[in-house]
Asks: 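Questions regarding the structure given below will be posed in turn.
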Amino acid sequence: MSDDVSNDLMVDIFERLPLKSIIRFRSLSKYWHSRIATPEFIRNHSLRCSKNPPKLLIKHHTYCGNLEFKDIYTLHPVDQLPLDSSSGYIRIPGVEFPHGSKEVIGSCNGILCLRSNGSYISLWNLSIRRELIVPRVPCLTLSSKALGFGFDPITDDYNLVAICYNKYGSDGINAFVYSLKKDSWIATPSPSTRLYNVKSNACFFNGILHWVVDGYLTEPSPEERKHPIRFIFTFDLNTHVCGHILLPGPWRVEQLTTINGCLVAVSLERGNIWKIRVMKEYCNIESWSVLFEFQADAFDVIRVFQAVTNGDIVAYYNGSSVYNLQTRLLMKLLKFGPYCFDVEMETYAESLELLDKERATTCGETIFSWTKEDDRKRIRLSQGLDDECLVLNYTF
């Protein structure tokens, strides 16, 4: 009995520890190695972590010589972006995803859903360096796919959703859901909605995936097919039911996000003005109100985020600059390395997810910021021109 009490107390303590400490403590014994990897421990740890402020994940698209590219990821507090050259990336290592450059489909509870230009889709937890390759999407006959990733708390399962459609044909939509628990795809009932073009990445909110699309609410006539309308297409992860949210005006919505627990639409409108609107009451189209508007000038808004500590709303432009909508300050992001020429951003919460999956494999290498001289040495080494330095100082 005393051993059970002692173990339960230790488990409670371990669940409160930082993630790196937990991973180290797996080597204490066979018992702790297996106990920390149980679904129960992972879920309890994730619930505790969900109370912590999320971080901002920056993906640095990097040229590494010989016409090769790689993605390097760094984690930052949302209100402590790498803007100051005196601090920058000091004590902030990057993690390299080894399989070339990938598109980030979504981020949920520490799992990134990544897709290559082909059919390669994987789930990757960079916190613990674990990757699971997803089986191929079943829809092979339709030319276009919209993907979204999220978590259903009712089934306690992570789902990847593939909405397959043919923008030029009369074929309907095929929807497929991948279950991480079952490690397989299932087909869901096809909706009457028809899609012509998906304009945004999926925004996961309230257990529902949201995409900005151009399309038709019902089967269009030949004349109607010439004039698709823009609306928000939805998919409920629990019920597997597709739906839609109409936009009250001809808004050129480019992306969706969340601010203060509400759905937010970012649109570029007449006069070259960006407008950020918040839906104060979900699914009530009369509750949209303008939160911010500002001149677009020569910039393209890529993502909008809410800083955790002070609540400021920030947007980042063209993969290199950040604009604070409250202070109206435009700031340049520091580069992680000399040949990091583009960045993407996602919110991220560290977790142990995927640690219990047998098919998951170790994936990711820690890297530190480097200089142009380091890069010259690496390129010369790869070409067999320099054998003086076998280990460069940006690897770890």
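Computed from a prediction, not measured in an experiment: that's the story for all the values here.
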Asks: If the plane angle is over 60° it's perpendicular, under 30° parallel, otherwise tilted; pick one for Y89 and H60.
Replies: perpendicular
Asks: Is there a side-chain contact between L333 and V343 in this structure, where contact means two heavy atoms from C-beta onward sitting under 4.5 Å apart?
Replies: yes
Asks: Donor-acceptor check, side chain of K59 to backbone of K102, threshold 3.5 angstrom: yes or no?
Replies: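 Between the backbone of K102 and the side chain of K59 there is a qualifying donor-acceptor contact (under 3.5 Å).
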Asks: Could you verify whether a donor N or O on one side chain and an acceptor N or O on the other, from S122 and R115, lie under 3.5 Å apart?
Replies: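 Side chains of S122 and R115: no pair found under 3.5 Å.
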Asks: Describe, in one word, how the ring planes of Y323 and F294 are oriented to each other, choosing from parallel (under 30°), tilted (30 to 60°) and perpendicular (over 60°).
Replies: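 The arrangement is tilted - the two ring planes meet at 30° to 60°.
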Asks: Does the pair Y216 and F231 meet the rule for a side chain to side chain contact (heavy atoms under 4.5 Å, CB included), with working shown?
Replies: CA-CA 9 Å; Y216 321 90; F231 58 95; over 6 Å; no
Asks: Under 6.0 Å between ring centres: does that hold for Y282 and F205?
Replies: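 Yes; F205 has its ring centre under 6.0 Å from that of Y282.
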Asks: Can you find a pair of side-chain heavy atoms, one from V264 and one from T258, that are under 4.5 Å apart?
Replies: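 No, their side chains stay 4.5 Å or more apart.
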Asks: So R136 and W185, do their side chains get closer than 4.5 Å, heavy atoms only?
Replies: no
Asks: Please report the interatomic distance CD1(I276) to CD1(I259), rounded to the nearest 0.5 Å.
Replies: 6.0 Å
Asks: Give the cluster check for L325 versus L263: same hydrophobic cluster or not, with ILVMFWY residues linked at side-chain heavy-atom distances below 4.5 Å.
Replies: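 No: no chain of side-chain contacts under 4.5 Å links L325 to L263.
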Asks: Rounded to the nearest 0.5 Å, what separation is found between the OG atom of S289 and the NZ atom of K280?
Replies: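 Rounded to the nearest 0.5 Å, the OG-NZ separation comes out at 4.0 Å.
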Asks: Does a side-chain heavy-atom distance below 4.5 Å link H76 with I58?
Replies: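 They are in contact (side-chain heavy atoms under 4.5 Å apart), so the answer is yes.
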Asks: Give the cluster check for L28 versus Y31: same hydrophobic cluster or not, with ILVMFWY residues linked at side-chain heavy-atom distances below 4.5 Å.
Replies: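 The answer is yes; both residues are in one hydrophobic cluster.
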Asks: Taking all non-hydrogen atoms of both residues, which atom of W211 and which atom of S200 are closest, and how far apart?
Replies: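 Looks like CD1-O, 3.6 Å.
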Asks: Could you walk me through whether V134 and L160 pass the side chain to side chain contact (heavy atoms under 4.5 Å, CB included) check?
Replies: CA-CA 9 Å; V134 176; L160 171 63; 4.1 Å; yes
Asks: Nearest 0.5 Å, what's the CG-SG distance between L354 and C363?
Replies: 11.0 Å
Asks: If you look at every heavy atom in M279 and C262, which pair is closest and at what distance?
Replies: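 Closest approach of M279 to C262, heavy atoms only: O-CB, 3.6 Å.
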Asks: If you look at every heavy atom in L19 and E350, which pair is closest and at what distance?
Replies: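 L19 and E350 have their closest heavy atoms at CD1-C, 4.3 Å.
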Asks: Would you mind reporting whether S179 and N159 have side-chain heavy atoms less than 4.5 Å apart?
Replies: yes
Asks: If hydrophobic clusters are built from ILVMFWY residues whose side chains come within less than 4.5 Å, do V212 and V266 share one?
Replies: no
Asks: Verify the distance criterion only: is there a donor paired with an acceptor across the side chains of Y165 and N174 at less than 3.5 Å?
Replies: no
Asks: Can D12 and R48 be counted as an ion pair, charged N to O under 4.0 angstrom?
Replies: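 Salt bridge between D12 and R48, a charged N being under 4.0 Å from a carboxylate O: yes.
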Asks: Assess whether side chain to side chain contact (heavy atoms under 4.5 Å, CB included) is satisfied between L132 and W124, documenting all intermediate values.
Replies: CA-CA 6 Å; L132 188 146; W124 184 45; over 6 Å; no
Asks: Any heavy-atom pair between the side chains of L268 and I273 that's under 4.5 Å?
Replies: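 No, side chains not in contact.
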Asks: Can you hop from I111 to V137 via hydrophobic side chains spaced under 4.5 Å?
Replies: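 Yes, same cluster.
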Asks: Taking R129 first and then E96, would you say they form a salt bridge - that is, a charged N and a carboxylate O separated by under 4.0 Å?
Replies: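 Result for this pair is no, no salt bridge flagged.
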Asks: Determine yes or no for a side-chain-to-main-chain donor-acceptor pair under 3.5 angstrom, with H210 supplying the side chain and C203 the backbone.
Replies: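 Checked: pair present.
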Asks: Using a strict threshold of under 4.0 Å (side-chain N to carboxylate O), is an ion pair present between D183 and R359?
Replies: yes
Asks: Is the backbone N or O of G110 less than 3.5 Å from a side-chain atom of Y348, with the two atoms forming a donor-acceptor pair by type?
Replies: yes
Asks: Would you tell me whether E15 and N44 have side-chain atoms, one donor and one acceptor, within less than 3.5 Å of each other?
Replies: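 Side-chain D/A pair, E15 to N44: present.
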Asks: Using 0.5 Å steps for rounding, measure from the CZ atom of R130 to the CG atom of L352.
Replies: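 Nearest 0.5 Å value for the CZ-CG distance: 11.5 Å.
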Asks: Hey, what do you get for NZ (K55) to CG (L75), rounding to the nearest 0.5 Å?
Replies: 6.0 Å
Asks: Taking all heavy atoms of I285 and all of I245, pick out the closest pair and write down the distance.
Replies: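 Answer, listing the atom of I285 first, then I245: CG2-CG2, 4.2 Å.
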Asks: Could you check whether any side-chain heavy atom of L114 comes within less than 4.5 Å of a side-chain heavy atom of I105, counting everything from C-beta outward?
Replies: no
Asks: For L147 and I121, what are the C-alpha separation, side-chain angles and deciding distance, and is it a side chain to side chain contact (heavy atoms under 4.5 Å, CB included)?
Replies: CA-CA 10 Å; L147 297 176; I121 301 176; 3.8 Å; yes
Asks: Does R270, at its CZ atom, have more than 12 non-hydrogen atoms belonging to other residues, nucleotides or ligands within less than 6.0 Å?
Replies: no
Asks: Measure from NZ or CZ of R277 to the centre of the six-membered ring of W251, then state whether that distance is under 6.0 Å and the direction lies within 45° of the axis.
Replies: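 Positive - R277 is close enough to the ring of W251 and near enough to its axis.
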Asks: Is there a donor in the side chain of N238 and an acceptor in the side chain of D152, or the other way round, less than 3.5 Å apart?
Replies: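 Looking only at side-chain atoms, D152 and N238 do form a donor-acceptor pair, the distance falling under 3.5 Å.
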Asks: Does A175 offer a backbone N or O that forms a donor-acceptor pair with the side chain of T188 under 3.5 Å?
Replies: yes
Asks: W288 and I232: which non-hydrogen atoms are nearest, and at how many Å?
Replies: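 Smallest interatomic distance, heavy atoms only, reads CZ2-CD1, 4.2 Å.
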Asks: Step through the shown structure and confirm whether more than 12 heavy atoms of other residues, nucleotides or ligands are within 6.0 Å of NZ on K181.
Replies: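 It does: K181 NZ has more than 12 such atoms within range.
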Asks: Considering non-hydrogen atoms only, spot the tightest contact between S351 and S46 and give its length.
Replies: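 Heavy-atom minimum between the residues: CB-OG, 4.0 Å.
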Asks: Parallel, tilted or perpendicular for F149 and Y158, by the 30°/60° rule?
Replies: parallel
Asks: Under 4.5 Å between any side-chain heavy atoms of I42 and L355, yes or no?
Replies: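 Answer yes - side chains close enough.
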Asks: Hey, quick one: are V241 and F151 part of the same hydrophobic cluster, counting side-chain heavy atoms closer than 4.5 Å, chains of contacts allowed?
Replies: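 No; tracing contacts between hydrophobic side chains, which count when under 4.5 Å, never links both residues.
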Asks: Can you tell me how far CD of E281 sits from CD of E286, rounded to the nearest 0.5 angstrom?
Replies: 10.5 Å
Asks: Tell me whether the guanidinium CZ or amine NZ of K20 lies under 6.0 angstrom from the six-membered ring centre of F25 and within 45° of its axis.
Replies: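 That pair does not qualify as a cation-pi contact.
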Asks: Does the ring center of F14 lie less than 6.0 Å from the ring center of W32?
Replies: yes
